[in-house]
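Everything below concerns the one structure shown next.
Order of appearance sets the numbers: ligands from 1, and atoms from 1 within every ligand. What you see is a predicted model; the values in this text were computed from it and never measured.
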Amino acid sequence: MDTFSGCALCLPNLTQLSCCCSREHRPPLCIEIKPKCGFLPSSRHVTKEIKHKVCRFCMHQHFKLAHGKWKRLSRYCPLDLFSGNKQRMSLAIKHLIEEPQNNFKIFKGGECIYSCKDDADVLQDVDELAQHLRPYFLPSGSLMNGHQSSKVVLNELIQVIVSALLSSWDPRKTHLSEGRVRCEASLLHRDLLRNTNHCLPKDCVLDKILGTQMLDSLDIEGLNPLFKRVEQHLQDFPKERSSLQIDGPYSQSFLEKIQNCPTEDDGSIEYAVGKVHQYRVAMTAKDCSIMITIATCGEEDGPVPSLEIQPSKPHFTYSVSILDLDPKPYESIPHQSRLDSKIVNHYLRSTLPNNQELANQSVFLGWDREGEDCTLVFHPV
Ligand SMILES: O=P(O)(O)O[C@@H]1[C@@H](OP(=O)(O)O)[C@H](OP(=O)(O)O)[C@H](O)[C@H](OP(=O)(O)O)[C@H]1OP(=O)(O)O
Ligand SMILES: Nc1ncnc2c1ncn2[C@@H]1O[C@H](COP(=O)(O)OP(=O)(O)OP(=O)(O)O)[C@@H](O)[C@H]1O
């Protein structure tokens, strides 16, 4: 905790439900998912073809493993989760359960019962999790036991999470462009990727997050020159830092700068600032978490509107919230640019044998072996 910050946020405890209708007094379950970026960039500014094919999360996994952040590769792909296709979403959640890293946690009655434990035997953990979940998803008299019941229980949990992620009051759909929702690193069968209808219910939590993430329309490669334009402007007119709201406040007028940003680059500072602000908001949405809190509802609780997730299964009351929305600082943009190059170069080097030669040559193309930008720029004299 930053005890010098001078301010603090007081938030409700999202692992609990404000109104828990269960008479059985079973503690609520809360599933926390940090979904990360759910689309492939289509910006013409992207210089590495691989970024149009493999998503940032999947490339980043190899970088994280190499740098010791995690011991095992996660098979989770955010593009599966954001696809709107229930089969793909279920697999994405299954992969999160297998290797939660910092993307998946489960709380029971406010206490974390499942999260990343890098040294633990994962299989044992999953069985332990199933034991916790059994009373929520299997009838008390069920004769099923052992491995079979764990599978059923985890499958039920996955179905409930999918339903909560897709829940929306709006009957309309957001159709997703196919080229942006298929990641070549995802382990899903190509047919499943090809023959599915990609759409999310409008206004479901995934639709809201994805829409905000997509404010990053230029990719960091297209954003970088605009960041430099803003930097130059601030050097020339330092007093404008405050009116351009570079460090906030994140008020209505900040929102207007984002909404009213010109669609084409007219060379103005307004365009550059608008795009930088949009990028920072998108970064926040790429790093936020979803909290899904559920509690069992008995039939004796009577009809409670919109609380039924699956008609033939146990009924749950639920709430879906978004967490960790603190704005990403303006100063982090150069770091983002360097990190992007490192991740992509590392991926090309480590996974694609045919790119070995390209990677070895990369020092001449402007990247050293660590992926740092080391381009020599020759100016006319
Ligand atoms: O850059 P990324 O994608 O690695 O995201 C960072 C997260 O790493 P992750 O990949 O989710 O393990 C990182 O997560 P951890 O602290 O590693 O759990 C932070 O959320 C970081 O945000 P901030 O700089 O602390 O505001 C995140 O940094 P931002 O890029 O969102 O600023
Ligand atoms: N309102 C809340 N209700 C319940 N749990 C919460 C709430 N806010 C945060 N948490 C829990 O605390 C964890 C850390 O929260 P958060 O990411 O907002 O803090 P942070 O200080 O930014 O930490 P970090 O730097 O690790 O991201 C979350 O992943 C979540 O498990």
Side-chain angles (χ1 to χ4, degrees), residues 1-5 7-18 27-39 41 51 54-74 76-79 81 96 99-118 209 212-213 215-216 219-220 223-224 227 247-248 250 276 278-295 319-344 346-347 371:
M1 190 194 294
D2 178 3
T3 47
F4 295 101
S5 79
C7 62
L9 268 182
C10 183
L11 297 172
N13 183 351
L14 296 171
T15 63
Q16 306 283 355
L17 278 173
S18 50
L29 290 175
C30 171
I31 299 96
E32 177 177 347
I33 300 177
K34 187 181 188 182
K36 303 299 286 189
C37 181
F39 68 97
K51 284 169 70 176
V54 176
C55 82
R56 152 78 173 238
F57 181 90
C58 290
M59 285 200 266
H60 203 171
Q61 277 295 306
H62 292 265
F63 185 81
K64 286 177 178 176
L65 221 72
H67 290 82
K69 180 161 181 178
W70 306 115
K71 292 188 180 145
R72 288 175 294 271
L73 273 186
S74 165
Y76 165 67
C77 174
L79 273 58
L81 189 75
L96 284 173
E99 182 58 35
Q101 296 189 354
N102 59 350
N103 304 100
F104 190 81
K105 284 182 201 164
I106 301 183
F107 300 84
K108 186 168 111 183
E111 184 198 335
C112 186
I113 56 162
Y114 194 73
S115 68
C116 163
K117 274 192 205 146
D118 227 10
I209 294 176
T212 312
Q213 292 181 349
L215 282 172
D216 169 15
D219 189 78
I220 186 65
L223 200 271
N224 220 3
F227 174 78
D247 312 300
Y250 304 103
V276 166
Q278 283 183 352
Y279 178 79
R280 289 173 55 203
V281 172
M283 286 302 299
T284 298
K286 289 180 192 182
D287 199 41
C288 71
S289 295
I290 302 169
M291 302 284 267
I292 300 165
T293 312
I294 60 174
S319 79
V320 181
S321 327
I322 303 179
L323 187 73
D324 213 354
L325 292 172
D326 29 307
K328 296 291 174 183
Y330 167 79
E331 288 75 18
S332 70
I333 291 174
H335 162 75
Q336 287 302 332
S337 177
R338 286 192 298 273
L339 182 60
D340 182 68
S341 316
K342 286 183 190 177
I343 291 171
V344 175
H346 180 85
Y347 185 77

#### Entry: Candidate pair D219 and R56, rule side chain to side chain contact (heavy atoms under 4.5 Å, CB included), full reasoning
CA-CA 11 Å; D219 189 78; R56 152 78 173 238; over 6 Å; no
### Message
Checking L79 against F57 for the side chain to side chain contact (heavy atoms under 4.5 Å, CB included) test, could you report, in this order, the C-alpha distance in whole Å, the side-chain angles of both residues, the deciding distance, and whether it holds?
### Response
CA-CA 9 Å; L79 273 58; F57 181 90; over 6 Å; no
### Task
Decide side chain to side chain contact (heavy atoms under 4.5 Å, CB included) for L73 and E99; before the verdict, give the C-alpha distance in whole Å, the side-chain angles of both, and the deciding distance to 0.1 Å.
CA-CA 8 Å; L73 273 186; E99 182 58 35; over 6 Å; no
### Message
L9 vs D326, test: side chain to side chain contact (heavy atoms under 4.5 Å, CB included). Steps then yes/no.
### Response
CA-CA 10 Å; L9 268 182; D326 29 307; over 6 Å; no
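Contacts between L323 and ligand 2 below 4.0 angstrom, taking non-hydrogen atoms only, involve the side chain exclusively. Neither the backbone nor the side chain of K34 has a heavy atom within less than 4.0 Å of ligand 2. Neither the backbone nor the side chain of C112 has any atom closer than 4.0 Å to an atom of ligand 2 (non-hydrogen atoms only).
Shown here, atom 25 (O) of ligand 2 is out of close reach of the protein: none of its heavy atoms lies under 4.0 Å off. Proximity of atom 29 (O) of ligand 2 to the protein is indicated by at least one non-hydrogen atom lying closer than 4.0 angstrom. At least one protein heavy atom sits closer than 4.0 Å to atom 5 (N) of ligand 2. Proximity of atom 14 (C) of ligand 2 to the protein is not indicated, since no non-hydrogen protein atom lies closer than 4.0 angstrom. For atom 18 (O) of ligand 2, a protein heavy-atom neighbour is found at a distance under 4.0 Å.
Put simply, the side chain of Q101 gets close to the backbone of R72: a donor and an acceptor are under 3.5 Å apart. Remark: the backbone N or O of I333 is not paired with any side-chain donor or acceptor of S337 at under 3.5 angstrom. With N103 contributing its side chain and K34 its backbone, the two residues share a donor-acceptor pair below 3.5 Å. Side-chain atoms of Q61 come within 3.5 Å of backbone N or O of S74 as a donor-acceptor pair. Formation of a donor-acceptor pair under 3.5 Å by the Y76 side chain with backbone atoms of P35 is found in this model. Under a 3.5 Å cut-off, the side chain of Q336 and the backbone N or O of N224 do not form any donor-acceptor pair. A donor-acceptor pair under 3.5 Å links the side-chain atoms of H67 to the main chain of F63, judged by distance alone.
With sequence neighbours left out, the salt bridge (Lys or Arg N to Asp or Glu O under 4.0 Å) criterion links D324 to no other residue. With sequence neighbours excluded, no residue forms a salt bridge (Lys or Arg N to Asp or Glu O under 4.0 Å) with E111. Applying the side chain to side chain contact (heavy atoms under 4.5 Å, CB included) test to T212 and every residue at least two apart in sequence or in another chain returns L215, V281, A285.
The distance criterion of under 3.5 Å between nitrogen or oxygen atoms is met by K105 with respect to ligand 2. Considering backbone and side-chain N/O atoms, D324 comes within less than 3.5 Å of an N/O atom of ligand 2. Where the criterion is an N or O separation shorter than 3.5 Å, residue side chain and backbone included, L11 fails it with respect to ligand 2.
Near L14, with a cut-off below 4.0 Å to any heavy atom, the atoms of ligand 2 are 1 (N), 2 (C), 3 (N), 4 (C). Numbered from 1 in the order shown, with element, the atoms of ligand 2 that lie under 4.0 Å from a heavy atom of F107 read 31 (O). With ligand atoms numbered from 1 in the order given, ligand 2 contributes 3 (N), 4 (C) to contacts under 4.0 Å with heavy atoms of N13.
In this structure, atom 2 (C) of ligand 2 lies nearest to the protein heavy atom P12 O, 3.7 Å. For atom 31 (O) of ligand 2, the closest non-hydrogen atom of the protein is E32 OE1, 2.5 Å.
Taking the six-membered ring for Trp and thresholds of 30 and 60 degrees, Y330 and F227 have ring planes inclined between 30 and 60 degrees apart.
Heavy atoms of M291 approach ligand 2 to within less than 4.0 angstrom. The closest approach between a heavy atom of S321 and any atom of ligand 2 is not below 4.0 Å.
The residues lining ligand 1, counting any heavy atom closer than 4.0 Å, are K34, K36, R56, H60, K64, K69, N102, M283, D287, K328, Q336, L339.
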